[in-house]
4 protein chains.
Amino acid sequence: MSRRGNAKAPRNQPRQSRSRVTVDAILEATIRVLEQEGADAATTSRVAEVAGVSVGTLYQYFANRDAILHALQDRELERASQLMSGLLGKSERVSEQAIARAVVEALLKSYRAAPALHRVLAVEGLRVTPHDRVLAFDARVVGTIRAFLSLPGMPVRRTNLDAAAFVIYQAVRAAMLAYLLEDPAGLDDTSLVEELTDLILRYLVDVAAPERVSA
Amino acid sequence: MSRRGNAKAPRNQPRQSRSRVTVDAILEATIRVLEQEGADAATTSRVAEVAGVSVGTLYQYFANRDAILHALQDRELERASQLMSGLLGKSERVSEQAIARAVVEALLKSYRAAPALHRVLAVEGLRVTPHDRVLAFDARVVGTIRAFLSLPGMPVRRTNLDAAAFVIYQAVRAAMLAYLLEDPAGLDDTSLVEELTDLILRYLVDVAAPERVSA
Amino acid sequence: MSRRGNAKAPRNQPRQSRSRVTVDAILEATIRVLEQEGADAATTSRVAEVAGVSVGTLYQYFANRDAILHALQDRELERASQLMSGLLGKSERVSEQAIARAVVEALLKSYRAAPALHRVLAVEGLRVTPHDRVLAFDARVVGTIRAFLSLPGMPVRRTNLDAAAFVIYQAVRAAMLAYLLEDPAGLDDTSLVEELTDLILRYLVDVAAPERVSA
Amino acid sequence: MSRRGNAKAPRNQPRQSRSRVTVDAILEATIRVLEQEGADAATTSRVAEVAGVSVGTLYQYFANRDAILHALQDRELERASQLMSGLLGKSERVSEQAIARAVVEALLKSYRAAPALHRVLAVEGLRVTPHDRVLAFDARVVGTIRAFLSLPGMPVRRTNLDAAAFVIYQAVRAAMLAYLLEDPAGLDDTSLVEELTDLILRYLVDVAAPERVSA
DNA sequence: AATGAATGAGAATTCATTCAT
DNA sequence: AATGAATGAATTCTCATTCAT
């Protein structure tokens, strides 16, 4: 599925290294500006400057400003997919709780690296992007989750898997993002992971997660 | 080369009847534009136009563009508070499930009236608004929830009530908003209410919600 | 409702040839508009138009409208300093009267080239400019005069040199400006020079300017 | 010359007291705003507010914004004329120096009461006002001075009385205004009066002002 | 390919002036 | 006469995008 990770997939333009480097520089610069200076500062000029290229060059690689966000979105989707596949794939002999916790922890780690980016992706998404794009993005993540829940032998209590996947995805994402951006009193990483893991389990999984999680 | 255009002071609070009407027209126009034309279209001119007043009038009532959003935020917060108080207050002899469902249904109804508005409030908030404002807003809602969960006799399974209130608030809000904005396959109002009610109950409430909701 | 329009940072100093040309075009355009259309006409758009560039370009070189005036002020101060140094420096074996007359004539020539500009600099200065800037400007000119008056062997009748330099600077400047702007009956260049030279001499210099100047 | 002082002149509308009071309130408010909040703050609304009337009322008495300044100018001219007449008229048996000093002191007192107003009148004059108006204003003051200098028995050294009156008027006015607005180091009221008195005498009067001030 | 100066449409905001009440 | 809400032209400034070098 990944541009690089899947040996069977056709190698979509493994461009000249120079281009690749420039594109990456621009994407990284965008993230850096987003995180450190805020969404308003993320002008094409500023991004180009931080990336160490000229605006002209930026436009050589991206059709317009939104295209940068789209690329970032794609990259992120790729990573999320990867992450999920990795974690959900090897589920062989691990408890559901372990999986859920692993997912939450991995997501938290990933989000923490660039919370503002994820907010923009989650949000700017709906402004900037042709509606379809957002749908496609979310649908793909939800699809992955759904597929996982559908695996034979999964002790899932939900009937409507479409609904369940959608709800749990949005719920976890939002709670995590809000946590990172608002830093609310009474919550830290540990308790967040705790709570979200439990949220997932109780909502999705059938078996009475025996005693209590944070007991 | 005389000086022009300095950002000045706040406006005096809208006073009475006529004012009230104008202010409301502006707020409603903002919502309409937000819903029908998107956040980027919500310029002061466009809002004024839709409200049927001149820009000048708009600025007579709102110190600047953000002030409109703030007013909307305040209004919404008020409504949300009212709503919650109403529903959570009379909880006397009602099952937790009935309460949860009532809340979800009420929220859905409220959100459906203006989903784009709520996205902007939930989201744009973090761009436009002094961080404090968002925190205050969210904190107040979370506080209400937390207070409810703390009521004596509440069969709450959660230990960390701060965390629980925060998580469930963000989770429900986000899932609902995403549902309204993305209209994902496999979900309709009924199933959403079903799912979210169950999410709330299983996460928050202790007793095994006996049989199963969507069983 | 995204954010737009925040007053940002300073611009990078105009660099080289091309830049220099553009900057000069803008400054000259400003003067031309000031002179021919008046201070109120000197909007950023009009200046850009007359300069033959776009507003955008104007703002590429000047952080804001006032910055143009400041640049003009700086340029003028430089010229004035230069002028004074030139005239007062070579004072070796010239009569005080010759020096005074030379200064007045040079000033008149300089002011005549753009009287409205000088009015704006002398005057608008106090509105547009951080007070400090005006003080600094005037203080520097006054300082130059004062230094000259302090030269050993100067037959200065004044005791309070600070006061004298300030008074004579303001007096000559104002009279000259008013003459240029009002074109009052009974005055022409020759008589103005005559009068101001005599004003300077009689106020500043000790020796009885022997017989009479315009006698 | 004065609206009230000259019994022969037709009484131009000695309006109903109410009007008079309102007009005065507006003029005084303008001065207050000018002095305390600066020229930029002197909007019609602000002036009306400070005057304790509505904008509508303001426009009942003044055709437009500039008309207020014009009225102020007229009033000031009246006062200046009065002042001059008073001082220059009774010149019977007083030394020139005493007269000059009295004029300077009176002007300083008058200017000090509202320096910003006088700056605006001296300056805004040239922006706001049809050129003629400024000319007329200045011409009138200059005329008074000129007339005084022409009195028989005046020991005036100047030949070109038009020029002399113009120059000395502009010089004294500018120096005084600059002094009040810039508050330059090395000058105080006493020394300013000293310097300006001497400037006037040496420029205008023939006889070697015998011993003298800073001799 | 890369550069970055130039462009100009478009946004926020102000304020003199009008006019219905 | 007085009020003050409403008007909207005019102004400053930004930023995505283009294009000559």
Side-chain angles (χ1 to χ4, degrees), chain A residues 16 18-19 22 40-49 53-68, chain B residues 1-8 12 14-16 18-19 21-22 40-49 52-66, chain C residues 1-8 12 14-16 18-19 21-22 40 42-49 52-66, chain D residues 16 18-19 22 40-49 53-66 68:
Chain A
Q16 322 79 39
R18 177 109 66 103
S19 305
T22 306
D40 279 342
T43 66
T44 50
S45 315
R46 180 66 184 137
V47 166
E49 184 185 5
V53 301
S54 67
V55 232
T57 298
L58 184 151
Y59 275 90
Q60 201 103 42
Y61 292 100
F62 295 93
N64 52 45
R65 188 176 178 279
D66 289 353
I68 306 180
Chain B
M1 260 198 176
S2 78
R3 251 233 155 296
R4 308 179 198 84
N6 10 11
K8 283 274 183 52
N12 32 352
R15 306 246 181 65
Q16 265 310 323
R18 178 124 53 122
S19 308
V21 169
T22 306
D40 278 341
T43 66
T44 49
S45 318
R46 181 67 183 134
V47 166
E49 186 184 2
V53 301
S54 66
V55 232
T57 296
L58 184 153
Y59 276 92
Q60 199 122 44
Y61 293 102
F62 297 93
N64 51 47
R65 190 159 139 289
D66 288 354
Chain C
M1 266 203 173
S2 77
R3 253 235 152 294
R4 307 179 198 87
N6 9 11
K8 280 276 183 47
N12 32 352
R15 306 246 181 62
Q16 266 307 324
R18 178 124 53 123
S19 307
V21 168
T22 307
D40 277 340
T43 66
T44 50
S45 320
R46 180 67 184 137
V47 166
E49 186 185 3
V53 301
S54 66
V55 231
T57 297
L58 185 152
Y59 276 93
Q60 199 123 43
Y61 292 102
F62 296 94
N64 52 46
R65 192 159 138 288
D66 288 353
Chain D
Q16 321 79 36
R18 177 108 67 105
S19 306
T22 306
D40 279 342
T43 65
T44 49
S45 314
R46 181 66 181 136
V47 166
E49 186 185 3
V53 301
S54 67
V55 233
T57 298
L58 184 153
Y59 275 89
Q60 201 104 41
Y61 291 100
F62 295 94
N64 52 44
R65 189 178 178 279
D66 288 354
I68 306 180

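A note on names: the letters A, B, ... follow the listed sequences, proteins ahead of strands, and every chain is numbered from 1.
To the nearest 0.5 Å, atom OG1 of residue C:Thr43 and atom CD of residue C:Glu49 are 8.5 Å apart. Atom CZ of D:Arg65 and atom CG of D:Leu58 lie 10.5 Å apart (nearest 0.5 Å).
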Starting at the 5' end of DNA chain F, what dot-bracket string do you get if Watson-Crick and G-U pairs under 3.5 Å are bracketed, crossing pairs use [ ], other-strand pairs use | and unpaired bases use dots?
.||||||||||||||||||||

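C:Glu49 has its CD atom 13 Å from the P atom of E:dT7, to the nearest Å. In this structure, CG of A:Asp40 is placed 15 Å from C1' of F:dC13, rounded to the nearest angstrom. In this structure, B:Arg46 places its CZ atom 13 Å from P of E:dA12, rounding to the nearest Å. Here E:dT3 presents its P atom at 16 Å from CD of C:Gln60, a figure rounded to the nearest Å. The distance between atom CZ of C:Phe62 and atom C1' of E:dA5, rounded to the nearest whole Å, is 15 Å.
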Evaluate the side chain to side chain contact (heavy atoms under 4.5 Å, CB included) criterion for residues C:Thr44 and C:Phe62: first the C-alpha distance (whole Å), next the side-chain angles of each, then the deciding distance (0.1 Å), finally the verdict.
CA-CA 10 Å; C:Thr44 50; C:Phe62 296 94; over 6 Å; no

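Here C:Tyr61 reaches the OP1 or OP2 of E:dA6: one of its side-chain N or O atoms lies under 4.0 Å away. A close approach under 4.0 Å does occur between a side-chain nitrogen or oxygen of A:Thr57 and OP1 or OP2 of E:dT3. In this structure, C:Thr22 reaches the E:dA6 phosphate: one of its side-chain N or O atoms is under 4.0 Å from OP1 or OP2.
Remark: B:Val53 pairs with B:Thr22, B:Ile26, B:Ala48, B:Ala51, B:Thr57 by the side-chain contact (heavy atoms from CB on, under 4.5 Å) rule, at least two apart or across chains. Applying the side-chain hydrogen bond (donor to acceptor under 3.5 Å, both in side chains) criterion to D:Gln60, with sequence neighbours excluded, gives no partner residue.
A residue-by-residue look at A:Ser54 and C:Leu58 shows that A:Ser54 has its nearest nucleotide of DNA chain E further toward the 5' end.
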Nucleotide-resolved protein contact map, nucleotides 16-21 of chain F, B/S/- at heavy-atom distance under 4.0 Å:
BBB---

